[in-house]
Engineer: 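Okay, here's the structure, questions in a sec.
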Amino acid sequence: MAEMGIFVKAIVNNSALSSLFHRWFGASKLAEIVRPFKAKRVLELGCGVGITTCVIASKFNEAKIMALDSDAAQIEAAKKRQSLANVEFVVVDATILSFKDGSFDVVFELLAFHHIPSYERAISEVYRVLKPGGSFFLLDIQLKSLPFYKLVWFEPVKFTKREFTDNLAKAGFLVKQSKGSL
């Protein structure tokens, strides 16, 4: 997994911006989505400093949660910032997960795949570590479709929505719901 650029990391780690985003799009939507699900083992890819991890941990308070990020500095910040008894923060590359097949009941990815050079490999790894009948919830952006992305985004842009959903299907996922134009 590629490390975020300085500009992107500054945005992601800005408490005010992050709180606004997660209130409107991330954590509040996540809380609604996960309400009916039960799980013993949960995986979060791209946990960053643990903002969404707190929401996941509150909804799955009896589950063991593995919160992963490839950036050691983000994981260290998450460990210092969040003290969650049922969460383990670990530095791991999402394209090479060290878990056994079928290890997790639920997997979450919020705004991480667009940072991964081989996001297709990460999708395949999620499919491999997810239990049969498990659920994969994700939220990402397709900057490739925005005409101004080159002005504000300094990382390579990976996919459009169609390319991404095609790669999910290629890995074996059944896409039950896909919202948004981005």
Engineer: Which pair of non-hydrogen atoms, one from Ile65 and one from Ala57, has the smallest distance, and what is that distance?
Structural biologist: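 Smallest interatomic distance, heavy atoms only, reads CD1-CA, 3.4 Å.
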Engineer: Enter the distance from Ile123:CD1 to Ser118:OG here, rounded to the nearest 0.5 Å.
Structural biologist: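 Atom-to-atom, Ile123:CD1 and Ser118:OG are 11.0 Å apart.
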Engineer: Of the non-hydrogen atoms in Ala78 and Gly48, which two are nearest, and what is the gap between them?
Structural biologist: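 Minimum heavy-atom contact is CB-O, 3.6 Å.
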Engineer: In the single-linkage hydrophobic clustering (I, L, V, M, F, W, Y; side-chain heavy atoms under 4.5 Å), do Ile96 and Val107 co-cluster?
Structural biologist: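 No.
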Engineer: Does any N or O in the side chain of Glu44 come within less than 3.5 Å of the main-chain N or O of Cys47, such that one atom is a donor and the other an acceptor?
Structural biologist: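 Such a contact is absent between Glu44 side chain and Cys47 backbone.
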Engineer: Kindly compute the distance separating CG (Asn61) from NZ (Lys59), expressed to the nearest 0.5 Å.
Structural biologist: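 Rounded to the nearest 0.5 Å, the CG-NZ separation comes out at 9.5 Å.
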Engineer: Can Asp166 and Lys170 be counted as an ion pair, charged N to O under 4.0 angstrom?
Structural biologist: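 So Asp166 does not pair with Lys170 through a salt bridge.
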Engineer: What I'd like to find out is whether the side chain of Val42 reaches to under 4.5 Å of the side chain of Phe108, using heavy atoms alone.
Structural biologist: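 Val42 vs Phe108: side chains touch.
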Engineer: Hey, could you give me the CG/CZ distance between Asn86 and Phe60, rounded to the nearest 0.5 Å?
Structural biologist: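 Rounded to the nearest 0.5 Å, the CG-CZ separation comes to 11.0 Å.
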Engineer: Answer yes when Glu76 and Lys80 have at least one side-chain N-carboxylate O distance shorter than 4.0 Å, and no when they do not.
Structural biologist: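 No, Glu76 and Lys80 are not salt-bridged.
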Engineer: Evaluate Arg81 against Ile51 for side chain to side chain contact (heavy atoms under 4.5 Å, CB included), listing each step before the verdict.
Structural biologist: CA-CA 9 Å; Arg81 194 172 174 177; Ile51 295 168; 4.1 Å; yes
Engineer: So, do Ile116 and Arg121 sit near enough that their side-chain heavy atoms are less than 4.5 Å apart?
Structural biologist: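 No. Closest side-chain heavy atoms not under 4.5 Å.
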Engineer: List the steps and the verdict of side chain to side chain contact (heavy atoms under 4.5 Å, CB included) for Val91 and Asp69.
Structural biologist: CA-CA 5 Å; Val91 178; Asp69 203 290; over 6 Å; no
Engineer: Kindly give the heavy-atom pair with the smallest separation between Ala73 and Asp71, and that separation in Å.
Structural biologist: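 What the structure gives for the nearest pair is N-OD1, 2.9 Å.
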Engineer: Can you list the residues that meet the side-chain contact (heavy atoms from CB on, under 4.5 Å) rule with Ala77, with sequence neighbours excluded?
Structural biologist: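 With neighbours one apart ignored, the set is Val49.
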Engineer: Is there a side-chain contact between Val126 and Phe104, using heavy atoms and a 4.5 Å cut-off?
Structural biologist: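 Side chain of Val126 against side chain of Phe104, heavy atoms only: no contact under 4.5 Å found.
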Engineer: Does atom CZ of Phe173 have more than 12 heavy-atom neighbours from other groups under 6.0 Å away?
Structural biologist: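 For Phe173, atom CZ is crowded (more than 12 foreign heavy atoms under 6.0 Å).
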Engineer: Under 6.0 Å between ring centres, would you say that holds for Phe136 and Tyr127?
Structural biologist: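 No, the ring centres sit 6.0 Å or more apart.
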Engineer: Return the set of residues passing side-chain contact (heavy atoms from CB on, under 4.5 Å) with Val90 (not counting sequence neighbours), or none when no residue passes.
Structural biologist: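 With neighbours one apart ignored, the set is Met66, Leu68, Glu88, Val92.
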Engineer: Taking atom CG of Leu97 and atom OG of Ser103, what is their separation to the nearest 0.5 Å?
Structural biologist: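 Answer rounded to 0.5 Å: 9.5 Å.
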Engineer: With side chain to side chain contact (heavy atoms under 4.5 Å, CB included) as the criterion, how do Leu110 and Phe137 come out once you've worked through the C-alpha distance, each side chain's angles and the decisive distance to 0.1 Å?
Structural biologist: CA-CA 8 Å; Leu110 282 88; Phe137 298 100; over 6 Å; no
Engineer: Check whether any side-chain heavy atom of Gln74 lies under 4.5 Å from a side-chain heavy atom of Phe89, and answer yes or no.
Structural biologist: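 No, too far: nothing below the 4.5 Å cut-off.
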Engineer: As an exercise, state the distance from CG of Leu168 to CG of Leu138, rounded to the nearest 0.5 Å.
Structural biologist: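 Separation between the atoms: 6.0 Å.
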Engineer: Cys54 versus Leu84: any side-chain heavy-atom pair under 4.5 Å?
Structural biologist: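 They are in contact (side-chain heavy atoms under 4.5 Å apart), so the answer is yes.
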Engineer: What I want to check is whether the side chains of Thr95 and Glu125 have a donor and an acceptor closer together than 3.5 Å.
Structural biologist: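 Side-chain D/A pair, Thr95 to Glu125: absent.
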Engineer: At what distance, to the nearest 0.5 angstrom, does NZ of Lys64 lie from CG of Leu43?
Structural biologist: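 Here the rounded value is 12.0 Å.
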Engineer: State which residue, out of Lys40, Lys38, Lys131, fulfils the side chain to side chain donor-acceptor pair (under 3.5 Å) condition with Asp105.
Structural biologist: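 The passing option is Lys131.
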